[in-house]
Amino acid sequence: MNDRPPAEPASDFIRDRVRADLQSGRVQQVVTRFPPEPNGYLHIGHAKAITLSFSIAQEFGGRCHLRMDDTNPEAEDQEYVDAIMADVRWLGFRWDAMYYAADYFDQLYAWAEQLVAKGLAYVDDQDAETISRHRGTLTSPGTDSPCRNRSPAENLDLLRRMRAGEFADGSRVLRARIDMAHSNLNLRDPVMYRIRRLPHQRTGDRWCIYPMYDWAHGQSDSIEGITHSLCTLEFEHHRPLYDWFCDALGIYKPQQIEFARLNVTYLLTSKRKLLQLVEGGHVDGWDDPRMPTLRGLRRRGYPAAALVAFCRHVGVAKFNSTHEIELLEYFVRDHLNRVAPRRMAVLDPLRLVIENWPGGPGGDHVEHVEAQNNPEDPGAGARRVPFRGELWIEREDFLEHPPKDFFRLAPGREVRLRYGYFVTCTGVDKDAAGHVTAVRCTYDPATRGGNAPDGRKVKATIHWVAVADAVDAEVRLFEHLFTDPDPARADGGDFLRLLNPQSRRVVTGRCEPALAAATGGESYQFERLAYFYCDHVDSRPGAPVFHRTVTLKDAWKKAQKAK
RNA sequence: UACCCCGUGGUGUAAUCGGUAGCACAGCAGGUUUUGGUCCUGUUGGUUCCUGGUUCGAGUCCAGGCGGGGUAACCA
């Protein structure tokens with residue numbers, strides 16, 4: 001069972017540290033947090049971060065908070081707050097407490113005044129461009145602002161007036177007074193507050209100054225008593241500043257630990273590029289089944305449990321790595337194989353005519369055969385499927401001139417129609433152009449259910465759907481969105497050229513009757529083809545729409561490709 | 001050219017106080033099978049980036065190289 005958390009916590013550099021902190025007594029109870037900014041939708045990369053923080057809390061008997069890092073109203077929105085909460089819940093995690101950085105604005109401001117009073121922060125009148133220019137470069141030190149040595153009293157007055165709205169947007173900022181020559185540019189007097197007259201989804205228009213990430217994050221962790229603040233590698237250079245603020249304030253200092261973000265071949269996790277895909281109309285939206293967003297993966301039919309199992313499996317490290325998407329697909333198949341009911345559907349139909357069917361192939365005679373709902377799960381029961389003299393079979397299951405390693409239907413060849421009868425091909429019908437329009441055969445009445453009393457074997461079993469009972473359904477066949485395993489490699493807008501023109505193909509599936517009752521949110525295995533998800537967005541009662549989640553492994557197709 | 005981080009089979013990830021490379025996926029080969037699925041078994045791949053050093057012994061410690069990533073937003 002891959003979707004069960006391991007009995008014993010895994011071993012990795014973060015868990016080792018947590019364990020050590022618990023043993024040394026530095027930490028009594030583990031408290032972690034997942035701190036998204038509500039300015040976009042969560043994607044598979046976030047799933048790793050979520051799984052990590054929630055699992056560690058779970059494994060060590062601790063708590064995990066969900067906190068909106070909502071310090072910049074520019075792109076944030078309540079819609080994202082709601083979506084993030086829904087997505088985390090969908091993954092199966094329950095936060096022990098829900099917090100908003102915006103709720104700490106008053107405390108943060110009080111702390112800012114403290115730093116000003118201590119001479120550790122000052123109001124700078126320079127504009128953004130000037131500040132940026134004076135920050136220096138990676139190899140040269142920055143230069144002090146002319147405002148750097150203002151008196152605490154003057155700074156306090158200015159800060160209060162900033163907050164009161166006396167100054168224009170962008171005209172002044174509050175900066176920490178650290179070291180303009182520091183080798184870590186984050187410590188070159190980082191900006192703490194900027195003036196921005198923007199309504200905030202949570203605090204309305206109470207504030208016209210908003211705290212920067214560095215000035216809010218560590219303190220938010222501190223307020224919540226976070227013991228291990230887990231974040232991705234790019235925040236490594238922010239840790240000294242995180243520590244500096246906590247130390248300067250004399251408040252509890254959590255331990256920030258960084259880990260490598262998740263990369264998966266054929267998937268993009270850059271917010272900017274994802275946005276480009278959506279805005280350029282290359283996909284239908286954030287929840288397009290080809291998107292690596294949690295909503296997209298969900299509509300694709302990826303079970304949350306499979307995603308979490310994958311995230312647990314990949315572990316954490318400080319090494320930037322890229323996982324093969326095959327591993328993700330393995331976890332999806334592994335889960336679906338156990339839980340998805342089997343059904344039969346034909347996606348590229350070819351008519352099979354049973355010449356010796358009682359009353360003639362086109363007659364009314366119908367028999368109902370029993371089919372297992374899931375061979376992996378006897379408890380899933382069985383269903384009855386109508387069998388007639390005219391059936392749809394998959395076009396690729398018939399070959400007029402088969403190579404020797406092709407086991408399926410061919411002239412003179414006998415195969416089993418799954419749960420139905422053995423049939424032997426007697427000939428084909430062709431149109432004027434010579435294309436096969438129907439396959440003719442005879443059936444053996446003694447093989448009902450698919451077993452020959454005389455014990456004779458067939459090399460293949462193929463799926464089918466009775467023509468007269470077939471239910472048409474829209475079926476969307478997805479492939480990787482990109483043709484290149486590393487679409488991020490191409491910079492700028494170039495990655496758009498790597499878009500796979502075949503990433504979505506829509507066909508009409510001929511489905512067995514039971515599928516007419518499929519409802520949004522269900523996953524099925526269409527036997528011998530793939531796992532399909534009944535889309536919860538576009539399906540209507542009696543008119544399901546199916547999304548191909550992932551194909552079944554196909555040794556035959558693979559062997560063909562190898563040739 | 002500054003600072004920080006990292007470097008184990010194709011891809012990831014393990015290896016108690018330093019003890020002689022494990023696991024998963026992928027690949028390959030068999031077996032089972034009313035899904036060429038699942039399952040089972042076997043198996044190919046690694047001079048653990050390189051060079052030196054410490055040691056009876058190093059993936060694990062030290063030094064120097066090489067290689068990769070990150071960082072200069074009033075974003076997070």
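Naming: A, B, ... by sequence-line order, numbering from 1 per chain. On a predicted model such as this, the values are computed, not experimentally measured, just so you know. Computed over heavy atoms, backbone and side chain alike; hydrogens, waters and symmetry mates excluded.
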Whole-Å [atom1] distance, [N] and [M]:
N      : M      : atom1 : answer
B/rA63 : B/rA2  : C1'   : 22 Å
B/rU48 : B/rG31 : C1'   : 35 Å
B/rU33 : B/rU60 : P     : 50 Å
B/rC50 : B/rU8  : C1'   : 15 Å
B/rA72 : B/rG67 : C1'   : 24 Å
B/rG45 : B/rC4  : P     : 41 Å
B/rC56 : B/rU44 : P     : 35 Å
B/rG59 : B/rG68 : P     : 25 Å

Item to check | Earlier contact from the 5' end, RNA chain B, for A/Q126 and A/K457 | outcome: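 Whichever sits nearer the 5' end wins; that is A/K457.
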Checklist entry - On RNA chain B, nearest-nucleotide positions of A/R528 versus A/F13: which is more 5'? => result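 Looking at RNA chain B, the more 5' nearest nucleotide goes with A/F13.
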Under a 3.5 Å cut-off for both distances, is [N] Watson-Crick or wobble paired, and to whom?
N      : result
B/rG27 : B/rU43
B/rU60 : none
B/rU32 : none
B/rU71 : B/rA2

At 4.0 Å (heavy atoms only), tell me whether [X] reaches a base, stays on the sugar-phosphate, or touches nothing.
X      : answer
A/S140 : nothing
A/F406 : base
A/P36  : nothing
A/K459 : nothing
A/P190 : nothing
A/N186 : nothing
A/E376 : base
A/Q525 : base
A/R416 : base
A/N451 : base
A/Y193 : nothing

Item to check | A/W556/A/F407 aromatic ring centres below 6.0 Å | outcome: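 No: the rings miss the under 6.0 Å criterion.
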Next on the checklist: Less than 6.0 angstrom from the centroid, inside 45 degrees of the normal: does A/R163 satisfy that with respect to the ring of A/Y109?
Outcome noted: yes
Roughly how many Å is it from [atom1] in [X] to [atom2] in [N], rounded to a whole number?
X      : N      : atom1 : atom2 : answer
A/I195 : B/rC75 : CD1   : C1'   : 18 Å
A/K561 : B/rG27 : NZ    : P     : 12 Å
A/R418 : B/rU38 : CZ    : C1'   : 11 Å
A/Q256 : B/rG70 : CD    : C1'   : 14 Å
A/I84  : B/rA76 : CD1   : C1'   : 12 Å
A/F34  : B/rA76 : CZ    : P     : 16 Å
A/I131 : B/rC75 : CD1   : C1'   : 15 Å
A/K553 : B/rU35 : NZ    : P     : 16 Å

Side-chain N or O of [X] less than 4.0 angstrom from OP1 or OP2 on [N]?
X      : N      : result
A/K271 : B/rC75 : no
A/R342 : B/rG37 : no
A/R135 : B/rC74 : yes

Checklist entry - Counting heavy atoms not belonging to A/K459, are there more than 12 under 6.0 Å from its NZ? => result no
[options]: which one has an atom nearest the side-chain heavy atoms of [X]?
X      : options                : value
A/T461 : B/rC74, B/rA72, B/rU35 : B/rU35
A/Y330 : B/rG70, B/rC25, B/rA2  : B/rC25
A/E527 : B/rU35, B/rG70, B/rA72 : B/rU35
A/V191 : B/rA72, B/rC74, B/rU35 : B/rC74

Check whether any side-chain heavy atom of [X] lies under 4.5 Å from a side-chain heavy atom of [Y], and answer yes or no.
X      : Y      : result
A/E74  : A/L198 : yes
A/D189 : A/Y122 : yes
A/H463 : A/D397 : yes
A/V423 : A/V415 : yes

Next on the checklist: With a 3.5 Å cut-off and heavy atoms only, can you find an N or O donor on one side and an acceptor on the other between the side chain of A/H182 and the base of B/rA2?
Outcome noted: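 Looking at the base of B/rA2, it does not pair with any donor or acceptor on the side chain of A/H182 (distance under 3.5 Å).
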Would you call the rings of [X] and [Y] parallel, tilted or perpendicular if under 30° counts as parallel and over 60° as perpendicular?
X      : Y      : value
A/H200 : A/Y210 : parallel
A/H238 : A/Y213 : perpendicular
A/Y524 : A/F546 : perpendicular

Which atom pairs link the protein and nucleotides 58-61 of chain B when you take only N or O atoms and keep those under 3.5 Å?
none

Checklist entry - Do you know the tightest heavy-atom contact between A/L417 and A/I393? => result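 What the structure gives for the nearest pair is CD2-CG2, 4.5 Å.
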Checklist entry - Under 3.5 Å, is there a donor-acceptor pair between the side chain of A/R395 and the main chain of A/D348? => result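 Checking the backbone N and O of A/D348 against the side chain of A/R395, no donor-acceptor pair under 3.5 Å is found.
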Checklist entry - Is there a donor-acceptor pair under 3.5 Å between the side chain of A/R177 and the backbone N or O of A/R148? => result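 Yes, because the side chain of A/R177 sits within donor-acceptor range (under 3.5 Å) of the backbone of A/R148.
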Item to check | Pairing of A/D243 and A/R239 as salt bridge, 4.0 angstrom limit | outcome: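 Result for this pair is no, no salt bridge flagged.
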Do any N or O atoms of the protein come closer than 3.5 Å to N or O atoms of nucleotides 3-13 of chain B, and which pairs are they?
{"unit_1": "B/rC5", "atom_1": "O2'", "unit_2": "A/E236", "atom_2": "OE2", "d": "3.3"}
{"unit_1": "B/rG10", "atom_1": "N2", "unit_2": "A/E324", "atom_2": "OE1", "d": "2.8"}
{"unit_1": "B/rU11", "atom_1": "O4'", "unit_2": "A/E324", "atom_2": "OE2", "d": "2.9"}
{"unit_1": "B/rU11", "atom_1": "O3'", "unit_2": "A/T322", "atom_2": "O", "d": "3.0"}
{"unit_1": "B/rU11", "atom_1": "O2'", "unit_2": "A/T322", "atom_2": "O", "d": "3.0"}
{"unit_1": "B/rU11", "atom_1": "O2'", "unit_2": "A/E324", "atom_2": "N", "d": "3.4"}
{"unit_1": "B/rG12", "atom_1": "OP1", "unit_2": "A/T322", "atom_2": "N", "d": "2.9"}
{"unit_1": "B/rG12", "atom_1": "OP1", "unit_2": "A/T322", "atom_2": "O", "d": "3.2"}
{"unit_1": "B/rG12", "atom_1": "O5'", "unit_2": "A/T322", "atom_2": "O", "d": "3.1"}
{"unit_1": "B/rG12", "atom_1": "O2'", "unit_2": "A/H323", "atom_2": "NE2", "d": "2.2"}

Checklist entry - Is the glycosidic angle of B/rG31 within 90° of 0, making it syn, or outside that range, making it anti? => result anti
